[in-house]
Each structure stands twice: as structure tokens, then as C-alpha cells.
2 protein chains.
Amino acid sequence: MSLKYAVLAALLEGEASGYELSKVFDVSLANFWPSTPQQLYRELERLAEDGLIQARVVQQERRPNKRMFTLTEAGRADLRAFSATPPRRPTAIRDELLIKIQAGDGVDPATVRELVEERMSWARGKLGRYQRVRERLLAGRTEEEYLREADRVGPYLTLLAGIGFEEENLRWCERVLSVVAQRAALP
Amino acid sequence: MSLKYAVLAALLEGEASGYELSKVFDVSLANFWPSTPQQLYRELERLAEDGLIQARVVQQERRPNKRMFTLTEAGRADLRAFSATPPRRPTAIRDELLIKIQAGDGVDPATVRELVEERMSWARGKLGRYQRVRERLLAGRTEEEYLREADRVGPYLTLLAGIGFEEENLRWCERVLSVVAQRAALP
DNA sequence: CACACCTATTCAAGAAGTTGACTGACAGAG
DNA sequence: CTCTGTCAGTCAACTTCTTGAATAGGTGTG
């Protein structure tokens with residue numbers, strides 16, 4: 001149900017093709033609303049049917065044709081209405097690693113350490129990508145300037161959420177490593 | 001696919017009925033693997049069929065009968081194997097509020113503030129419940145003592161993840177409030 | 001004493017999400 | 001010159017998840 005609004009929100013950035021959206025979702029919205037290309041294409045189909053977005057076929061020379069989608073006024077209105085109402089469902093996190101850690105007392109400490117370190121390097125990668133997105137948004141301005149001048153701050157705020165989440169993730173991983181190390185050193 | 005292991009991990013705490021599990025999932029595992037009672041009952045069915053858990057019917061006087069489930073040795077082994085392999089899929093977060101914030105520049109600031117404050121009070125509630133679980137686990141001991149003495153630290157570590165997550169959530173909310181307030185004060 | 005909520009689970013239907021393969025042309029690396 | 005990768009999608013089959021309701025006695029609230 002909310003994928004719909006995630007797509008509409010992504011289109012606030014301007015016209016995009018399904019393919020472009022699937023890229024955007026990968027790097028930016030993936031943080032809080034993961035979805036596969038297939039889901040996107042289906043959703044775009046539906047949204048176009050409902051008149052919330054408009055499709056326009058772009059003929060291309062040496063590439064497959066593509067359909068570019070734009071928000072309609074109806075789409076904007078729907079999105080605004082959605083954004084002004086409280087979420088019906090609580091935040092859902094699904095993290096396999098946490099299951100593994102929950103049951104990890106039965107596993108040898110070296111293996112646990114590897115799992116956690118893998119997570120850490122992944123989180124660092126993600127943080128790096130977030131930082132690059134941040135630079136691009138700021139475009140040389142300080143954060144203060146940006147927050148005063150920018151038309152929209154929504155994308156920046158959600159980016160901060162992503163950054164904060166990964167940083168917290170890293171702190172937690174450190175904690176796990178230290179606990180595991182200490183226990184491994186005992187009897 | 002991983003609900004399976006979430007259930008097995010929950011049964012490490014000891015025998016439980018489907019109903020009890022659905023409660024446990026609500027307060028503790030809900031943090032990283034949400035699921036509805038229906039999913040649990042189906043999963044328990046399957047696990048019992050596969051011999052990873054054992055069912056035992058308990059006749060009750062003034063209550064409906066219940067089936068209590070225990071891990072079998074096969075279940076324990078399967079869970080151990082799972083816990084020792086790297087997660088195949090990355091952490092997935094689904095947070096409607098973030099969509100609303102992403103598109104929130106079109107909404108009036110007072111409404112945004114309300115949404116964020118609602119989230120904050122919800123997060124505080126969750127933190128409170130986590131703290132109570134923490135007290136129960138520590139059972140009067142200091143954290144250090146607990147980490148040395150306890151048979152299992154997995155549940156404690158995932159609890160810390162939940163606490164850290166909600167705290168980070170609150171920090172982010174504060175940030176959003178301050179940005180929104182500052183922008184509302186401008187032209 | 002009425003009404004709502006708790007225990008304990010099951011059923012059915014539908015929506016949402018996942019997986020994997022297919023098309024077909026071009027661009028760049030080795 | 002082959003091979004991999006990118007662009008821009010579509011299709012089908014499948015699994016998982018969500019929603020809502022049914023059952024039915026018991027316990028607590030106002």
C-alpha cells in the first residue's frame with residue numbers, strides 16, 4: 001500500500017523512467033522502503049491507470065524506448081494527503097543478523113565475529129554512499145545554508161535518518177564484538 | 001524463510017505455545033522480525049512437520065486446550081547452522097513516516113510536528129518496555145556481572161540493538177523538529 | 001450486570017513481494 | 001572478437017503476508 005506513496009514521493013524529484021526509479025530506490029529510498037524493479041513496474045502501471053502519474057513514451061535511437069513518468073496534480077494531492085496523516089503501521093525492521101545473534105550463543109565466537117565484521121564493513125560502505133549523496137545535496141553550501149535555502153528538505157532529513165541508522169548500527173556492532181571477545185576470554 | 005529461525009530462536013527460551021510466542025514476538029522479537037499470530041501458527045505447523053520442533057497438547061480446564069512446542073535436537077542443529085552463516089539478504093526497514101517526511105515539504109509544519117511527536121512518544125514507550133525487559137534479564141546484577149555469568153547473551157545483545165535503535169530514532173526526531181521549526185520561522 | 005478484553009487457535013481470501021528467465025542492442029575491457 | 005555490463009523493460013509462477021472473521025468460555029471494569 002505504501003510503495004505507492006514511496007513511488008509518488010520519488011517522482012517529486014522530477015520525471016523518471018521505471019528503470020531510473022529502480023536505481024533511485026536502490027541507493028536512496030531503499031533505506032526505508034526496499035522494493036524490486038518488478039514491484040516498481042507494476043506499481044507504475046497501476047498509478048498511471050489511476051491517473052496519479054502520467055506516462056510519456058520516449059523514442060530512443062540506440063536504446064530501447066522508455067516511458068517517462070510525471071506526477072499529475074491528482075498524484076500530488078494524494079501524496080500530500082498521505083503525508084499529512086499518521087502512519088497506520090509501525091516501523092518494521094527485518095534483520096537476519098539479529099536472529100543469528102539472538103541464537104548466537106551456540107556458535108563459536110570467531111564465526112560470530114566474522115558475521116559482525118561483515119555487517120560493519122557493509123554499514124561503512126552504505127555510510128560512504130550516503131555521505132556522497134549528502135555532498136551532492138549540499139552542493140558546496142554549509143548545512144545551515146542548505147536548510148535555509150533549499151526548496152525541499154524532506155530528502156535531506158530522510159538521508160540523515162539513514163546515516164544515523166548506520167552509525168548506530170556500527171556502534172552496536174562494536175558493542176557485540178567487545179562482549180563476545182570478553183566472553184571468549186573466560187573459562 | 002527467516003521467520004522459521006526467529007521461531008526456533010524464540011524456543012531457545014524454553015517450551016511455549018503459539019499464543020505465548022505471539023506475545024513474545026510482540027514485545028521482544030517484534031523489534032527485528034515482526035509477524036502476526038497467523039504467520040506463527042502456520043510456521044509452527046511446518047516446523048513440527050519437519051521435525052524441528054515437538055508438539056504436546058495440554059488439556060486445560062477452563063481454557064481452550066493448547067499445544068506446547070519444544071525444540072528438537074534437529075531444530076537446535078538447524079538453528080546453529082543458520083546462525084553461523086552470513087545473512088543472504090540485507091536489513092530491510094519499512095517506515096511509513098520516512099515517506100511522509102520525504103514528501104513532507106508540501107505539508108504544513110504543524111502537522112509534520114504532530115506526526116513526529118507521535119513517533120517520539122511511541123519510541124519512548126518502546127524504550128520503557130525495553131528497559132523493563134532489561135531489568136528482568138539483569139535480575140539485580142550489574143551488566144558486567146550478567147555478561148560474565150549468564151548462559152546466553154544473545155537476547156541481551158538484540159535488546160541493546162532495539163534500545164539503540166529507538167534512541168537513535170528519538171535523536172533523529174529531535175533533529176527533524178528543529179529543522180522544521182527553523183524553516184517555519186522563515187519567510 | 002453489561003460489555004469488553006483475554007486465552008488459544010483456525011480459516012479463507014486477497015494483496016504484496018520474490019525469483020528467475022527472456023529480449024535485444026550497444027559500449028567498453030581484455 | 002568475445003565477454004561482461006548497462007539500458008529498459010516484460011512475463012510467469014510462486015511464496016509470503018495481511019486482513020478479517022469465527023469460536024467460546026472466562027475474567028476484569030465501570
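Naming convention: chains lettered A, B, ... in sequence-line order (proteins, then strands); numbering from 1 in each chain.
- Under 4.0 angstrom from either OP1 or OP2 of dT7(C) there lies no side-chain N or O belonging to Arg67(B).
- In this entry the distance linking CD of Glu15(B) with P of dA8(C) reads 13 Å, nearest Å.
- When the P atom of dT18(C) is taken as reference, atom CZ of Arg88(B) falls 13 Å away, rounded to whole Å.
- The distance between atom OH of Tyr41(A) and atom P of dA21(C), rounded to the nearest whole Å, is 19 Å.
- A straight line from CD of Glu45(A) to C1' of dA16(C) spans 17 Å, rounded to a whole angstrom.
- Going from atom OH of Tyr19(B) over to atom C1' of dT23(D) covers 14 Å, rounded to whole Å.
- Around the CD atom of Glu135(B), the shell of radius 6.0 Å holds more than 12 heavy atoms that belong to other residues, nucleotides or ligands.
- With rounding to whole Å, Phe25(A) atom CZ is found 14 Å from dG17(C) atom C1'.
- Among the heavy atoms of the strands, none lies under 4.0 Å from Ser22(A).
- Legend: salt bridge (charged side-chain N to carboxylate O under 4.0 Å, His left out) pairs involving residues 172-187 of chain B, not counting sequence neighbours, sorted by first then second residue: Glu143(A)-Arg175(B).
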Could you run down the sub-3.5 Å N/O contacts of the protein with nucleotides 14-18 of chain D?
unit_1: dT16(D); atom_1: OP2; unit_2: Arg46(B); atom_2: NH1; d: 3.4
unit_1: dC17(D); atom_1: OP2; unit_2: Gln39(B); atom_2: NE2; d: 2.9
unit_1: dC17(D); atom_1: O5'; unit_2: Gln39(B); atom_2: NE2; d: 3.2
unit_1: dT18(D); atom_1: OP2; unit_2: Gln39(B); atom_2: OE1; d: 3.0

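- No donor-acceptor pair under 3.5 Å is formed between the side chain of Lys100(A) and the backbone N or O of Ala84(B).
- In this structure, the CG atom of Leu21(B) is 9 Å from the P atom of dT9(C), given to the nearest Å.
- Using modelled atom types, one finds no donor on one side chain facing an acceptor on the other under 3.5 Å when comparing Arg89(B) with Ser2(B).
- With hydrogens and angles left out, the side-chain atoms of Thr70(B) and Gln54(B) include no donor and acceptor closer than 3.5 Å.
- The aromatic rings of Tyr156(A) and Tyr146(A) sit tilted, their planes meeting at an angle between 30° and 60°.
- Rounded to whole Å, the distance from CG on Leu40(A) to P on dG9(D) is 11 Å.
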